[in-house]
K.L.:
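One structure coming up, written as structure tokens, with questions to follow.
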Amino acid sequence: MGFAYFPHTEEDVKAMLRKAGLDSLDSLYSDVPEDVLFRGDFDIPDSMSEMEVRRRFAELSGKNVRLSIFCGGGAYDHYSPSVIPEIISRSEFLTSYTPYQAEVSQGTLRYIFEFQSMMARLTCMDCANASMYDGPTSAAEAVIMAVHCTKKKNRVLLSGTLLPHVLQVVKTYCGFHGIEVTEIPHKDGISDLEAFQAELQTGDVAGVLVPGINRYGIIEDLTGYADAAHSVKAMLIVYSDPSALAVIKTPGEWGADIACGDAQPLGIPLNFGGPYLGFLCCRQEFVRKLPGRIVGETVDADGKRCYVLTLQAREQHIRREKATSNICSNQSLMALYVTVYLSLMGPEGMKRVNDLSYGGAHYLHDELLGTGLFSEAFSKPFLKEFTLKSKLPVEQLQKSLLEAGIFGALPCGDGLVSFCVTEKRTKKEIDKVVNAAVRCHIDRCRDIVNENLNSI
């Protein structure tokens, strides 16, 4: 055997090839164009000792440019306690498979149950699930769920103030499910209630999806949305930043039927874009349409507390032809991460996170306006993320920030840029953002003067 860890013997391989009507392994790839096949030698380094491997990876890691994050847009650089990776690596937790065998999966089942309980409490909803991939797909699942719950209605309304990638994913899902989508443009940076009410009067709307905090960082006032949707038997879906729900009005308090969003702000590191974690919560009357895993608490034959997957007759497990979702695998490792984070932080810790983020964001907001290089875009309430109109070219501003070791000024179109400040950012770092913007202006003025002198 050329490969020590391959289980198949040469006889096994020959038997499989004969069954497939082939004479060699190369013939398996006969339909692959020759110009895409690699025929050279792999540049694989010689074996190394443990110290040499560590040294090599340290050298590679040293090439990374570590920036201070002042961007949000749905992914936030919140503090993550160092104990979390240790806890989630324990053997009773670290598994990705759906825990069908309850008697050997109590660790997995318990943390899913705790995650559901915490998310239901955080959103003020009755029920919550697990195993959602990320925020955008949870929003898509919520919209599909609304269509299944309302029946005979096949149109949904989406606020134009939702995060762009959320809008794109929801539209993609709806396109392949035959669901009609109407996007309602924003009015002065927030969702337009009157426009929603007008569309609802057609009577064919299954659900309305609006953000709790929108793409511009504005905290939306959702007064009237639940009444408007329920008056025509449509469902209200609120897309939320769960970290902010510790201090702002929750989807349940707004009268929402479904709450969804990305749980990444609950301590999950940015990780270059993933893995993240979607959440989906609903009122109890809709629980049978809730996709993903649902774990319940019960007692065993001895009267001891235990946990099981519940509502197994629904959805993909048995009645697959009636499934509302394609979620099959158990994607709950990040749910465990969030569960540990929320357990460690507690209500007071979550409030402290938001207090620090609020203070830092408003300090940066006021300092940037004080430079005269920015102006208010919407003058609406915000928590940790805000949008300004920049008098500086966005690309030049971003370049100046990068040179100062800062990742910020997320473009929002029409000369608008957004900034985000979490509890991890210090006053010194915030002042660097302001100084970089001023330096960008000085450099730009110098360039203009030089161009004019050269043209004389």
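A quick note: this is a predicted structure, and the numbers were derived from the prediction, not measured. As a basis for the values below, the full set of heavy atoms in this structure was taken, side chains included, without hydrogen atoms, waters or symmetry mates. Index from 1, following the sequence.
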K.L.:
Just by modelled atom types, is the Val247 backbone N or O under 3.5 Å from a matching donor or acceptor in the Lys351 side chain?
P.N.:
no
K.L.:
I'd like to know if Lys424 and Asp77 make a salt bridge, using a cut-off of under 4.0 Å between side-chain N and carboxylate O.
P.N.:
yes
K.L.:
Ignoring hydrogens and angles, state whether a donor on the side chain of Thr387 or Ser418 is under 3.5 Å from an acceptor on the partner side chain.
P.N.:
no
K.L.:
How far apart are the closest heavy atoms of Ala139 and Cys260, and which atoms are they?
P.N.:
CA-SG, 3.7 Å
K.L.:
Got Leu277 and Asp134 here, is their nearest side-chain heavy-atom distance under 4.5 Å?
P.N.:
no
K.L.:
Write down the atom of Gly207, the atom of Ala234, and the distance for their closest heavy-atom approach.
P.N.:
N-CB, 4.4 Å
K.L.:
CZ/Arg55 to CG/Leu60 distance, rounded to the nearest 0.5 angstrom?
P.N.:
13.0 Å
K.L.:
Salt-bridge test for Asp447 and Arg444: reply yes if a basic N is under 4.0 Å from a carboxylate O, no otherwise.
P.N.:
no
K.L.:
Got a sec: does the CD of Glu103 have more than 12 other heavy atoms crowding it under 6.0 Å?
P.N.:
yes
K.L.:
Any idea which heavy atoms bring Gln116 and Asn129 closest together, and the distance?
P.N.:
CG-O, 3.8 Å
K.L.:
I'd like to know if the side chain of Ser68 pairs up with that of Glu429 as donor and acceptor (distance under 3.5 Å, no hydrogens or angles considered).
P.N.:
yes
K.L.:
Could you walk me through whether Arg352 and Glu348 satisfy the salt bridge (Lys or Arg N to Asp or Glu O under 4.0 Å) test, starting with their C-alpha distance in whole Å, then the side-chain angles of each, then the deciding distance to 0.1 Å, before giving a yes or no?
P.N.:
CA-CA 6 Å; Arg352 182 61 175 159; Glu348 292 305 316; over 6 Å; no
K.L.:
Could you tell me whether the side chain of Ser400 and the main chain of Gln396 form a donor-acceptor pair under 3.5 Å?
P.N.:
no
K.L.:
Strictly distance-based, threshold 3.5 Å: is any side-chain N or O of Asp126 a donor or acceptor partner for the main-chain N or O of Arg283?
P.N.:
no
K.L.:
Do the rings of Tyr225 and Phe196 sit parallel, tilted or perpendicular, given the 30° and 60° boundaries?
P.N.:
perpendicular
K.L.:
If only atom types and distance count, is the side chain of Ser231 paired as donor or acceptor with the main-chain N or O of Ala228 below 3.5 Å?
P.N.:
yes
K.L.:
Checking Thr137 against Tyr173: is there a side-chain donor and acceptor pair closer than 3.5 Å?
P.N.:
no
K.L.:
Could you check whether any side-chain heavy atom of Pro291 comes within less than 4.5 Å of a side-chain heavy atom of Met145, counting everything from C-beta outward?
P.N.:
yes
K.L.:
Using distance alone, with no hydrogens and no angle criterion, decide if His186 and Asn214 have a side-chain donor and acceptor under 3.5 Å apart.
P.N.:
no
K.L.:
Does Glu220 come within less than 4.0 Å of Lys380, counting only side-chain N to carboxylate O?
P.N.:
no
K.L.:
With the side chain counted from C-beta on, respond yes when Ile213 and Ile248 share a heavy-atom pair under 4.5 Å apart, and no when they do not.
P.N.:
yes
K.L.:
Does Pro242 offer a backbone N or O that forms a donor-acceptor pair with the side chain of Ser240 under 3.5 Å?
P.N.:
no
K.L.:
May I ask you to test the Leu364-Phe70 pair for a side-chain heavy-atom distance under 4.5 Å?
P.N.:
yes
K.L.:
For the residue pair His78 and Lys384, confirm or rule out a side-chain donor-acceptor distance under 3.5 Å.
P.N.:
yes
K.L.:
Is it true that atom CD of Glu297 has more than 12 heavy atoms of other residues, nucleotides or ligands lying nearer than 6.0 Å?
P.N.:
yes
K.L.:
Is the shortest heavy-atom distance from the side chain of Val353 to the side chain of Ser243 under 4.5 Å?
P.N.:
yes
K.L.:
Salt bridge or not between Glu395 and Lys399? Use side-chain N to carboxylate O under 4.0 Å.
P.N.:
no
K.L.:
Between the side chains of Glu367 and His362, does any donor sit under 3.5 Å from an acceptor?
P.N.:
no
K.L.:
What's the separation between atom CZ in Arg439 and atom CD in Glu403, rounded to the nearest 0.5 Å?
P.N.:
7.5 Å
K.L.:
Above 12 or not: heavy atoms from other molecules or residues under 6.0 Å from CG of Asp414?
P.N.:
no
K.L.:
Please report the C-alpha distance between Val417 and Gln398 in whole Å, then the side-chain angles of each, then the deciding distance to 0.1 Å, and finally whether the side-chain contact (heavy atoms from CB on, under 4.5 Å) criterion is met.
P.N.:
CA-CA 10 Å; Val417 292; Gln398 289 180 322; over 6 Å; no
K.L.:
What's the separation between atom CE in Met132 and atom OG in Ser138, rounded to the nearest 0.5 Å?
P.N.:
5.0 Å
K.L.:
Would the distance check show the side chain of Asn154 and the main-chain N or O of Gly178 forming a donor-acceptor pair, the cut-off being under 3.5 Å?
P.N.:
yes
K.L.:
May I ask you to decide whether Arg54 forms a salt bridge with Glu50, counting only side-chain N to carboxylate O separations under 4.0 Å?
P.N.:
yes
K.L.:
Less than 3.5 Å apart, any donor N or O on the side chain of Tyr363 or Asp431 sitting next to an acceptor on the other?
P.N.:
yes
K.L.:
For Gln284, does the CD atom have more than 12 heavy-atom neighbours from other residues, nucleotides or ligands under 6.0 Å away?
P.N.:
no
K.L.:
Are Leu222 and Leu236 side-chain neighbours, meaning at least one heavy-atom pair lies under 4.5 Å?
P.N.:
no
K.L.:
If we check side chain to side chain donor-acceptor pair (under 3.5 Å) with Asp204, which of these qualifies: Arg155, Lys153, Lys152?
P.N.:
Arg155
K.L.:
Where do Tyr76 and Ser357 land on the side-chain hydrogen bond (donor to acceptor under 3.5 Å, both in side chains) test, with the steps shown first?
P.N.:
CA-CA 11 Å; Tyr76 302 96; Ser357 300; over 6 Å; no
K.L.:
In the structure I gave you, are the side-chain heavy atoms of Glu141 and Leu280 within less than 4.5 Å of one another anywhere?
P.N.:
yes
K.L.:
Determine whether a donor-acceptor pair (N or O, by modelled atom type, separation under 3.5 Å) exists between the side chain of Asp221 and the backbone of Thr223.
P.N.:
yes
K.L.:
What closest approach, in Å, do Cys306 and Val299 show between heavy atoms, and which atom pair accounts for it?
P.N.:
SG-C, 3.6 Å
K.L.:
Taking atom CD1 of Ile190 and atom OG1 of Thr161, what is their separation to the nearest 0.5 Å?
P.N.:
8.5 Å
K.L.:
Do you see a donor-acceptor pair shorter than 3.5 Å between the side chains of Arg305 and Thr298?
P.N.:
no
K.L.:
Look up atom OG1 in Thr182 and atom CG in Leu157, then write down how far apart they are to the nearest 0.5 Å.
P.N.:
5.5 Å
K.L.:
What are the two closest non-hydrogen atoms of Ala437 and Leu392, and how far apart are they?
P.N.:
O-CD1, 3.6 Å
K.L.:
Please name the pair of heavy atoms, one in Ser61 and one in Arg66, separated by the smallest distance, quoted to 0.1 Å.
P.N.:
OG-NH2, 3.0 Å
K.L.:
Run the side-chain contact (heavy atoms from CB on, under 4.5 Å) check on Leu309 and Ile294 step by step: do they pass?
P.N.:
CA-CA 6 Å; Leu309 285 175; Ile294 301 177; over 6 Å; no
K.L.:
Give a yes-or-no answer on whether the side chains of Thr250 and Glu253 include a donor-acceptor pair shorter than 3.5 Å.
P.N.:
yes
K.L.:
Are there over 12 heavy-atom neighbours, none belonging to Tyr358, within less than 6.0 Å of that residue's OH?
P.N.:
no
K.L.:
Applying side-chain contact (heavy atoms from CB on, under 4.5 Å), run through Leu397 and Ser390 and close with a yes or a no.
P.N.:
CA-CA 9 Å; Leu397 175 59; Ser390 175; 4.1 Å; yes
K.L.:
Do Leu158 and Val170 have side chains that get closer than 4.5 Å, going by heavy atoms?
P.N.:
yes
K.L.:
If I take atom CE from residue Met235 and atom CD1 from residue Ile258, how far apart are they, to the nearest 0.5 angstrom?
P.N.:
3.5 Å
